[in-house]
Protein chains: 2
Amino acid sequence: MESDKDQRRSNVTLKQVAERAGVHASTVSRALNAATRSMVAEDVVARVEKAAAQMGYRRDPVAASLRTGRSKLVGVLVPDIVNPVFGPILSGVSELFASQGYSVIVADVGNDENRQLELVQGLIAHRVDGLILATVSRDDPLVDYCLSRKLPAVLVNRAEMRARLPAVISDDALGMQLAVDHLVELGHRTIGHLAGPSRHSTGYLRRRGFQLAILSHGIELQDAPCQDTLAYTREEGAAATHRLLDASPNLTAIASANDLLALGAYDALRERGLSCPADISIIGHNDMPMLDLVSPALTTVRISHKQMGRQAGQLLQAAIENNDSPPHNVVLPSQLVVRASTASPRA
Amino acid sequence: MESDKDQRRSNVTLKQVAERAGVHASTVSRALNAATRSMVAEDVVARVEKAAAQMGYRRDPVAASLRTGRSKLVGVLVPDIVNPVFGPILSGVSELFASQGYSVIVADVGNDENRQLELVQGLIAHRVDGLILATVSRDDPLVDYCLSRKLPAVLVNRAEMRARLPAVISDDALGMQLAVDHLVELGHRTIGHLAGPSRHSTGYLRRRGFQLAILSHGIELQDAPCQDTLAYTREEGAAATHRLLDASPNLTAIASANDLLALGAYDALRERGLSCPADISIIGHNDMPMLDLVSPALTTVRISHKQMGRQAGQLLQAAIENNDSPPHNVVLPSQLVVRASTASPRA
DNA sequence: CTTGTCTCTGCAATCGATTGCAGAAATAAT
DNA sequence: ATTATTTCTGCAATCGATTGCAGAGACAAG
């Protein structure tokens with residue numbers, strides 16, 4: 001009965017170390033904690049450290065957490081862990097936190113969006129020190145919740161419109177500008193846009209970025225039709241592409257808000273017997289893995305998601321460890337990756 | 001100072017509910033816990049539940065964990081979260097556990113393999129109730145560690161050779177048999193194999209499965225050369241393919257242990273000016289996302305990784321909640337997905 | 001009416017670390 | 001030599017829930 005529990009943990013407690021070192025448990029606690037070590041005489045620290053090392057003492061974070069309220073746990077909320085952009089983000093986040101002694105709880109929202117709050121409450125119950133949210137919409141009640149709880153949180157990939165919490169995002173306007181510049185340079189004059197869901201900052205900002213970029217080239221917005229989608233999926237991309245082509249038959253290029261939408265556009269073109277890039281040039285956004293192998297290899301705008309995750313981790317750590325630093329966004333530059341899906345329009 | 005902590009948690013404690021309901025905290029604890037509810041009179045249970053609901057009481061899992069040793073946390077160790085097979089696995093695992101009130105801590109081993117033990121110790125320190133290991137080699141010290149700690153654990157994707165812990169894997173032999181059957185049926189008689197790292201069960205078993213399948217068709221093993229790789233990457237796949245083709249110039253097909261290796265084979269063929277499937281047929285393994293879009297679309301053996309994750313979750317939950325049930329493996333059937341990378345060899 | 005059996009509920013210890021407070025010892029200042 | 005100050009260490013409470021034990025009351029059996 002008891003043996004189970006005994007074996008599961010290293011079961012060396014502060015008190016045992018204290019006994020061995022001939023001091024009180026509170027002294028051991030102070031000696032082993034960097035912040036309070038200075039309160040203890042040097043020789044005692046040495047004695048305690050030796051005893052702790054000999055006995056293989058490991059501090060119990062659960063007990064510490066109960067007392068202090070801090071846990072060395074951070075929560076990450078992702079909308080869909082299967083989506084390939086979140087792998088690198090999680091990788092960046094967990095790489096950073098692992099090196100700082102934090103563990104990362106991942107909550108995958110999956111299909112039940114309205115369970116988000118519940119998931120967050122679960123994380124809070126586990127006393128996470130902070131949260132990374134990759135799920136927020138442009139004005140998200142979850143942010144209200146975090147703010148009201150004074151829970152440190154950082155947004156990643158998607159941001160709110162008003163900067164209530166720090167966010168790490170890519171430069172959506174720049175990305176679309178790069179995409180449109182490229183297409184215009186190739187000679188395209190009628191360019192469509194597959195817009196992401198407008199409730200997400202990525203969808204909204206890329207759409208605006210697209211239109212600004214179009215205008216910057218002196219093209220009329222009526223020659224730059226947009227089609228909204230409800231989700232970043234191939235199916236949505238295909239459907240929206242069909243609508244786009246139906247409405248604007250003389251379109252020669254599509255700048256997409258997302259790679260999956262762009263791949264959906266491939267599907268739609270195939271269904272219509274059109275070829276890319278001969279008939280229509282297509283450009284994606286994100287540069288998720290393996291795009292160099294699809295046919296045609298997809299020209300896209302590269303975002304370093306791993307870097308994004310790392311940055312978000314850093315910001316969150318800063319927010320956890322000192323309450324100052326006003327919420328400020330980090331905007332990472334994006335970069336055009338030209339492959340085979342874009343070409344000059346037929347003469 | 002204090003206000004921070006106060007706001008972060010719902011801060012309603014058992015004692016407060018007890019006061020409101022006019023009973024002792026221990027009674028509240030019993031009334032709110034399904035297993036002990038029967039010890040409390042019905043009317044009292046009702047009163048307690050009402051008070052708890054009114055006050056928005058939420059049990060503090062950290063405090064409970066300290067006392068009971070159980071945490072409603074499970075840990076998942078993945079070798080590389082960026083690898084697209086682990087997204088679905090994690091998704092399956094977390095879907096299952098979310099519905100059971102567990103939270104999932106994900107530890108990404110990433111590049112520092114020798115920190116595995118450290119990561120696991122961290123998870124244990126957080127008192128995870130169990131572990132899902134997607135990282136194990138064919139004979140892994142981590143398994144010893146879990147066994148010695150009596151920590152419930154389930155292997156997924158990769159298994160050990162001796163069944164010390166329950167494992168959920170795909171039927172590697174069947175998968176290779178399907179692949180070889182398909183190639184033989186197309187007329188191939190000299191078939192190479194890109195083998196995965198032999199320290200992983202997948203690499204080892206698929207290689208054996210390949211050879212068994214070859215023999216089952218009466219083909220000599222000398223007409224079925226294998227090349228080992230050190231990791232499931234495109235680079236390794238390309239390098240091994242070059243070695244394979246150098247050694248066996250009359251090869252007409254390659255059955256690969258993994259999709260990434262197969263994509264590496266694409267790279268190698270391109271470098272040599274060979275075409276797939278005209279010159280060489282290639283077949284992958286796993287059916288990771290987006291293989292239908294690569295060129296040529298990759299024929300592969302499909303494994304349902306999400307299903308694998310779910311199963312592993314179920315097994316782990318069972319292992320956590322009752323210590324019986326001998327370690328038994330669950331072998332999921334795999335399935336051939338024919339696309340464009342396989343064809344009959346040139347006459 | 002007494003004794004025994006159940007059914008509930010409360011008491012208090014416990015999980016393991018942290019920390020405010022106070023006392024002891026050592027050192028400095030007067 | 002006395003007082004003031006600093007430095008160190010121990011005491012004990014605390015975080016919030018769980019649980020073995022025992023006592024109170026209800027009720028049945030003798």
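What's counted below: heavy atoms across the whole structure, side chains too, no hydrogens, waters or symmetry copies. Computed from a predicted model, the values in this text were never measured in an experiment. Throughout, a chain's letter reflects where its sequence line sits, starting with A, and its residues are numbered from 1.
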Item to check | Pairwise ring pair (Phe, Tyr, Trp, His ring centres under 6.0 Å) hits with a residue in residues 90-111 of chain A, at least two apart | outcome: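 Qualifying pairs: A:F97-A:Y102.
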Checklist entry - Considering only C:dG16, C:dA17, D:dT18, which nucleotide approaches the side chain of A:L66 most closely? => result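 Minimum distance to the A:L66 side chain belongs to C:dG16.
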Checklist entry - From C:dA17, D:dT9, D:dG16, pick the nucleotide closest to the side chain of A:V44? => result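 Nearest listed nucleotide: D:dT9.
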Checklist entry - Yes or no on side-chain contact (heavy atoms from CB on, under 4.5 Å) for A:V156 and A:L133, after CA distance, side-chain angles and deciding distance? => result CA-CA 6 Å; A:V156 71; A:L133 304 174; over 6 Å; no
Starting at atom [atom1] of [X], determine the distance to atom [atom2] of [N], rounded to an integer number of angstrom.
| X | N | atom1 | atom2 | answer |
| --- | --- | --- | --- | --- |
| A:E42 | D:dT9 | CD | C1' | 16 Å |
| B:L14 | C:dA12 | CG | C1' | 15 Å |
| A:K72 | C:dT18 | NZ | P | 12 Å |
| A:D43 | D:dC8 | CG | P | 9 Å |
| B:R127 | D:dG16 | CZ | C1' | 14 Å |
| A:Q16 | C:dG16 | CD | P | 8 Å |
| B:Y57 | D:dG16 | OH | P | 10 Å |
| B:R37 | C:dT7 | CZ | P | 18 Å |

Checklist entry - What is the nucleic acid contact for B:V62, judged by heavy atoms within less than 4.0 Å: base, sugar-phosphate only, or nothing? => result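 No contact at all - B:V62 keeps every heavy atom at 4.0 Å or more from the nucleic acid.
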What residues, two or more places apart in sequence or in another chain, satisfy side chain to side chain donor-acceptor pair (under 3.5 Å) together with [X]?
| X | answer |
| --- | --- |
| B:N329 | none |
| B:K72 | none |
| B:D140 | B:S137 |

Next on the checklist: I need the residues from residues 17-35 of chain A with at least one non-hydrogen atom less than 4.0 Å from DNA chain C; give them sorted by number, or say none.
Outcome noted: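 Close to the strand are A:S26, A:S29, A:R30.
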Next on the checklist: Tell me every residue that passes salt bridge (Lys or Arg N to Asp or Glu O under 4.0 Å) with A:R164, counting only those two or more places apart in sequence or in another chain.
Outcome noted: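 Result, salt bridge (Lys or Arg N to Asp or Glu O under 4.0 Å) vs A:R164: A:D139, A:D144, A:E160.
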